Amino acid sequence: MARRPSIIEIDTMTGHLDDADGPDPAIDEMIARIFQAESAAYLSSAVAARKLVSDTWPEANLKVGYDVSGVFPTATVTCDKRRGYAVAPTVSLAILRALMRALK
């Protein structure tokens with residue numbers, strides 16, 4: 001099971017993910033390091049991003065869809081009263097951004 005990172009790590013990763021617009025191996029490695037998870041192409045693989053959510057926060061609910069224009073992917077991570085929502089250029093990036101916002 002992946003660990004939950006500290007608030008400082010979450011804030012730093014949120015900044016990197018907000019600046020990202022596609023695959024980035026350096027960010028993938030940072031994610032693996034701060035979550036103590038296996039290395040994966042998190043920014044380019046929706047499967048890897050989904051697995052990170054379930055490994056980090058098994059009780060969380062993840063929903064993926066598209067914005068009202070039907071163009072950009074959206075993701076929502078919820079658990080109890082905590083909620084993270086994101087719109088991004090890729091499904092995996094939306095999932096990761098939503099996870100970071102929910103963990104804050």
Side-chain angles (χ1 to χ4, degrees):
M1 177 180 285
R3 78 169 183 96
R4 290 191 194 176
S6 71
I7 192 69
I8 293 169
E9 292 170 320
I10 291 169
D11 284 341
T12 301
M13 184 54 60
T14 298
H16 289 296
L17 292 172
D18 285 345
D19 292 342
D21 59 5
D24 186 327
I27 295 176
D28 290 336
E29 286 304 314
M30 281 189 264
I31 291 169
R33 183 176 36 80
I34 71 166
F35 283 93
Q36 294 178 352
E38 62 185 58
S39 292
Y42 294 104
L43 269 68
S44 60
S45 169
V47 172
R50 284 177 177 269
K51 185 175 183 326
L52 183 67
V53 172
S54 65
D55 287 352
T56 303
W57 206 355
E59 63 275 15
N61 183 23
L62 170 64
K63 292 187 181 187
V64 177
Y66 286 89
D67 67 353
V68 293
S69 67
V71 176
F72 292 104
T74 64
T76 306
V77 175
T78 56
C79 189
D80 295 325
K81 294 183 181 183
R82 299 180 84 165
R83 180 179 185 269
Y85 173 80
V87 177
T90 67
V91 172
S92 55
L93 196 50
I95 293 169
L96 295 169
R97 286 177 181 175
L99 174 62
M100 293 302 151
R101 291 173 183 156
L103 288 173
K104 273 191 160 183

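All figures in this text were calculated on a predicted structure; none of them were measured in a lab.
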With side chain to side chain contact (heavy atoms under 4.5 Å, CB included) as the criterion, how do Thr76 and Arg83 come out once you've worked through the C-alpha distance, each side chain's angles and the decisive distance to 0.1 Å?
CA-CA 7 Å; Thr76 306; Arg83 180 179 185 269; 3.8 Å; yes
Between [X] and [Y], which heavy-atom pair has the shortest distance, and what is it?
X	Y	answer
Ala41	Ala48	O-CB, 4.3 Å
Ala75	Ala98	O-CB, 3.5 Å
Cys79	Ala60	CB-CA, 4.0 Å
Ala32	Ser39	CB-CA, 4.0 Å
Ala88	Pro73	O-CD, 2.9 Å
Arg82	Ala102	NE-O, 3.2 Å

More than 12 heavy atoms of other groups within 6.0 Å of Tyr85 OH
yes
If you count the non-hydrogen atoms of other residues, nucleotides and ligands that lie under 6.0 Å from CD1 in Ile8, is the total more than 12?
no
Can you check whether [X] reaches [Y] side chain to side chain, under 4.5 Å on heavy atoms?
X	Y	result
Met30	Phe35	no
Met13	Pro5	no
Thr14	Lys104	yes
Trp57	Leu62	no
Tyr42	Leu52	yes
Val64	Thr74	no

Quick one: [atom1] on [X] to [atom2] on [Y], what's the gap to the nearest 0.5 Å?
X	Y	atom1	atom2	answer
Arg4	Asp55	CZ	CG	12.0 Å
Arg97	Thr90	CZ	OG1	7.5 Å
Leu96	Leu17	CG	CG	5.5 Å
His16	Ile27	NE2	CD1	6.5 Å
Ile31	Asp28	CD1	CG	5.5 Å
Met100	Ile10	CE	CD1	7.0 Å

Quick check: is Ile34 connected to Ile95 through a chain of hydrophobic side chains (ILVMFWY, heavy atoms under 4.5 Å apart)?
yes
So, [X] side chain and [Y] main chain: donor-acceptor pair closer than 3.5 Å or not?
X	Y	answer
Asp67	Val71	yes
Ser92	Leu43	yes
Asp24	Ala26	yes

Show every salt bridge (charged side-chain N to carboxylate O under 4.0 Å, His left out) that has at least one partner inside residues 30-50, sequence neighbours left out.
none
Partner residues of Ser6 under the side-chain hydrogen bond (donor to acceptor under 3.5 Å, both in side chains) criterion, sequence neighbours left out:
Glu9
